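Below is one structure; the comments refer to it alone.
Remember, predicted model here, so these are calculated numbers, not experimental data.
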Amino acid sequence: MAEVVLFHHVQGLTDGVRAFAEELRAGGHTVHTPDLFEGELPVSVEAGVAHVNSIGEEEMTRRAERALADLPESLVYAGFSAGVYHAQRFAQTRSGARGALLYEACIPVTGEWAFGAWPDGVPVQVHGMDRDPFFALEGDIDAARELVEKAGPGLAELFVYPGDQHLFTDSSLPSYDAGATALVLQRSRDFLDRVG
């Protein structure tokens with residue numbers, strides 16, 4: 001079975017993030033859910049962005065690194081939206097990565113924002129909605145397509161779902177889409193079964 005670190009989105013470690021992690025655990029996988037906000041639950045995406053800015057990028061990075069301090073190198077890194085930044089960075093820069101699950105965001109693998117080339121042999125899935133104002137309309141879907149192309153066939157998969165919601169996988173938020181999330185979970189569990 002796989003061991004996963006799942007980073008939350010800008011509204012914090014919500015009940016919906018915890019429920020998603022439980023669904024992955026139900027498949028026999030170990031899932032760690034570090035709380036980088038230390039209990040804070042911003043009420044909106046905008047409030048979450050403001051909270052991240054108040055913490056600062058360096059401190060957020062330190063918190064993410066501390067979350068991994070006692071964990072093995074052989075991990076699958078996963079993240080929702082802003083949490084993808086940490087998941088993708090570790091998958092690309094920390095040795096031993098088993099894979100990555102990127103939900104509702106993707107960082108470019110080329111250009112000034114890139115962490116470098118996608119590592120050889122590390123499988124990845126990217127999931128997002130086709131009209132999500134952040135994922136589809138701010139360039140993340142293009143970054144995901146590039147990642148699939150650069151990683152090579154059979155290693156990277158992009159799954160796009162019909163809809164215009166961001167954070168659609170979080171059952172505790174109004175943006176939740178149960179049908180799409182069921183597909184995301186099925187595909188994620190299949191992925192973890194393969195890499196575990």
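Salt bridge present: Arg66 and Glu59 bring a charged side-chain N and a carboxylate O closer than 4.0 Å. Taking 4.0 Å as the cut-off between side-chain N and carboxylate O, Arg62 and Glu65 do not count as a salt-bridged pair. Note on Glu157 versus Arg145: no salt bridge recorded, every NZ/NE/NH1/NH2 to OD/OE distance being 4.0 Å or above.
Taking OH of Tyr103 as the start and CZ of Phe159 as the end, the distance is 10.5 Å to the nearest 0.5 Å. The structure places CD1 of Ile107 at 10.0 Å from NE2 of His86, a figure rounded to the nearest 0.5 Å. Within the model, atoms OG1 of Thr169 and CE of Met129 stand 9.0 Å from one another, a figure rounded to the nearest 0.5 Å. Here the straight-line distance linking atom CG of Leu6 with atom CZ of Arg25 works out to 8.5 Å at 0.5 Å rounding.
In this pair, Phe168 and Tyr161 present their aromatic rings tilted. The plane angle is within the 30 to 60° band.
The closest side-chain heavy-atom distance from Pro34 to Val5 is below 4.5 Å. Leu102 has its side chain within reach of Gln88: a pair of non-hydrogen atoms, C-beta onward, lies under 4.5 Å apart. For the pair Val109/Glu146, a side-chain contact is recorded, criterion being any heavy-atom separation below 4.5 Å from C-beta on.
The nearest pair of heavy atoms linking Val10 to Ala82 is CG1-CB, 3.4 Å.
Between Phe80 and Phe20, the distance from one ring center to the other falls under 6.0 angstrom.
Proximity of a side-chain donor or acceptor of Arg98 to a complementary backbone N or O of Leu75 within less than 3.5 Å is not detected. Side-chain atoms of Gln92 come within 3.5 Å of backbone atoms of Gly116 as a donor-acceptor pair (strictly under, hydrogens ignored). Side-chain N or O atoms of Thr181 include none that pairs as donor or acceptor with a backbone N or O of Ala178 at under 3.5 Å.
Applying the salt bridge (Lys or Arg N to Asp or Glu O under 4.0 Å) definition to pairs two or more places apart or across chains, those involving residues 28-39 are Glu38-Arg63. For the side-chain hydrogen bond (donor to acceptor under 3.5 Å, both in side chains) condition, the pairs that include at least one residue of residues 128-141, sequence neighbours left out, are Asp132-His166.
With 3.5 Å as the limit, one finds a donor-acceptor pair spanning the side chains of His32 and Glu3. Counting only N and O atoms by type, the side chains of Tyr77 and Arg94 include a donor and acceptor under 3.5 Å apart.
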Practice task
Report the C-alpha separation of Ser81 and Glu104 in whole Å, then their side-chain angles, then the decisive distance to 0.1 Å, and conclude whether the side chain to side chain donor-acceptor pair (under 3.5 Å) test is met.
Solution key: CA-CA 5 Å; Ser81 186; Glu104 306 177 71; over 6 Å; no

